[in-house]
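Sequence lines set the chain letters: A, B, ... in the order given, protein chains first and strands last, and positions in each chain run from 1.
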Amino acid sequence: MQPVRENTGRKILEINNTVCTFEDSVLHIAGTLRIDNAGHFARAVLKELRTLDLKEITLNLEKLEDIDSAGVMALLYTRKRLSKKFPVVKIEGGNEDIEKKIEIFGSDTQLEEKPAPDYEITEAVGRQTYQFLASYIYGFFVLTADVVYWAVTDLFRTKTTREGEFVNQSVNIGVNASLIIIIMSYAIGLVMAIQSAQYLRIYGANIFIVDLTVIAIMSQMGPLITGVLVAGRSGSAIAAEVATMKITSELDALRTMGLDPIRYVVVPKLYASLFTIPLLIILANVSGIAGGATAAYYSLDITPEIFVNRMGSVMQNKDLVTAFVKSQVYAFIIVLTGTFYGFKVEQGAEGVGKVTTLSVVVSISFVILADAIMAVIFY
Amino acid sequence: MEKVVHVEGLYGTLGETEILNDVSFSAFKGEVTVIIGGSGSGKTTLLRHLLGLLPVETGHVSVLGRDISDMSEEEMNNMYHQMGVFYQNGALLNSMTVGENVAMPLVHQSNLPKSLIRDIVIMKLGLVNLKEAINLYPSQLSGGMLKRVALARAIAMDPPLLFCDEPGAGLDPVSLESLDNLILNLKERLGISIVLVTHEVSSILRVANRVVFLDQGKVLFEGPLEDALSSEIPQLRDFFSLLHTDLFPGHGK
């Protein structure tokens, strides 16, 4: 490449083999104008020339040796911006190759602007509300109706159900979650009893540690811990699985094979949840009470024998019934929320992440909300 | 003629399996070099070596006159500025619009002002006839349109060398011909060299200047397309046998 000869005018840019000088309304561009210096060129030229008071400016390319598409666009961009201030802005003097490139790359960069919809604010609010109701509320009810329909129908058409899927899902949702539920429930029972023990001791009401632990764990904490953990663990898995199946067209494939995706994918998960969550709640209750008994023994010298004897008089059948009802409600919430968000996925891998997160947040919130409502109803 | 890619004595393994066996060939400036071969012949592994995505343990790989066999990560990143890559499935980021996808290399690898980048993106999309799709998401495009956007992204930085991995995969014959013509058109207008991996015979006939034929990890033929078509190498003759098949035996009777 030949060395760049400098012009005698005012130098306004010298970078990466490019020299721009300005003299008598003419900007001489020498060297190369490529992607590595096109940005500097546009910024520097606009900054220097904007302040001038001239009728005409010429961008002279006689000494320009090479240009690429970014260089062409930078040149045209500079001309476009300068045209707003100066009546005449010309580009001239490029060799044949440069002229050809300007012709190839210098296409019109204007897009046809679509007029923005002209809504009133009230109409916009109305549209958004309608879309929310149609998409979320109505969509959720339709999904619930579908799931319940197929869940009931499949009870009587066992020949056509997926063989072994109920066991698979029960292992995934129930067996694999049991260890974390045992550990968490034990820890919460233990902490709750330790915290209460110091106050009970002051009033000489040591034995009531049993009442407190058993009632709190059986009626509230056991089902709630189970619901929240299953929502976080299995709810996210359901949402991610359904969403991935949707974006990889597996759901469409099921439909075109004459299989209803809800029946094939969702119903086994619902059956497994309805079956395993009550068992997990029993595990959580036993483990939580064991945690409480451990704390009672070490903090208040209440032996396990005394704890068990007292427990028999505190436990109520009602607690078992409410725990079972809660388990069934949680199972529906977790499976329906995961499925609903899974079906709503859009835009590939990032979409799967989004709906999975949303599903977990919403199902945990719904589980806690449902727990509060049932507490009011049952107690 | 100036070599844009030169491979010498390259061996490649995948685990315990030998995929490439003493591969040597060159691709030249301003030409379309097509790497062909059946499934499992090692085409994709070879391309990954050319892109520096697999380490070169035995042999040498030079791209644009520089040996990439033992380049540092930083040096390789600088090399990527001069290489465009067009992936088989487009590899567009679904969470971004078409315009954002094409703008990505410009935003991260140049210091151009935002409004200038937008102008360049519109121009590049104009080159692949998809200017109006700038605000759409990949999920809203057809297979052929996705490939064209991927091509626009691959040429966003005006690379002197473009690698294409099975660009025609999944396209119908009409869309495939249109994509081939687009690639040729861009090659002429931008003056870029192209290394293309494919097994689409119709595509090879349309775009290839040179052919590198791989079979079970070995280069069995390297040379101009005309020589490949008249070659006596049995595997290559089998590969091109589709050309000699009378697809419409009853036609014209």
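- Side-chain atoms of B:I19 and B:L46, non-hydrogen and from C-beta on, never get closer than 4.5 Å to each other.
- For a residue to count as touching a neighbouring chain, one of its non-hydrogen atoms must lie under 4.5 Å from one of that chain's; by this rule B:L127 touches chain A with the side chain only.
- Residue contact with chain A, scored on non-hydrogen atoms closer than 4.5 Å, involves the side chain of B:L106 exclusively.
- The candidate with the highest count of non-hydrogen atom pairs below 4.5 Å against chain A, out of B:L190, B:L112, B:D158, is B:D158.
- Of the two parts of B:M157, the backbone and the side chain both hold a non-hydrogen atom closer than 4.5 Å to a non-hydrogen atom of chain A.
- Listed by first and then second residue, the side chain to side chain donor-acceptor pair (under 3.5 Å) pairs that reach into residues 36-48 of chain A are A:R10-A:E48, A:T18-A:N37, A:H40-B:N111, sequence neighbours excluded.
- Counting heavy atoms from C-beta on, the side chains of B:I35 and B:L50 come closer than 4.5 Å.
- Remark: A:Y136 engages A:F132, A:F340 in a ring-ring contact (aromatic ring centres under 6.0 Å, His included) (not counting sequence neighbours).
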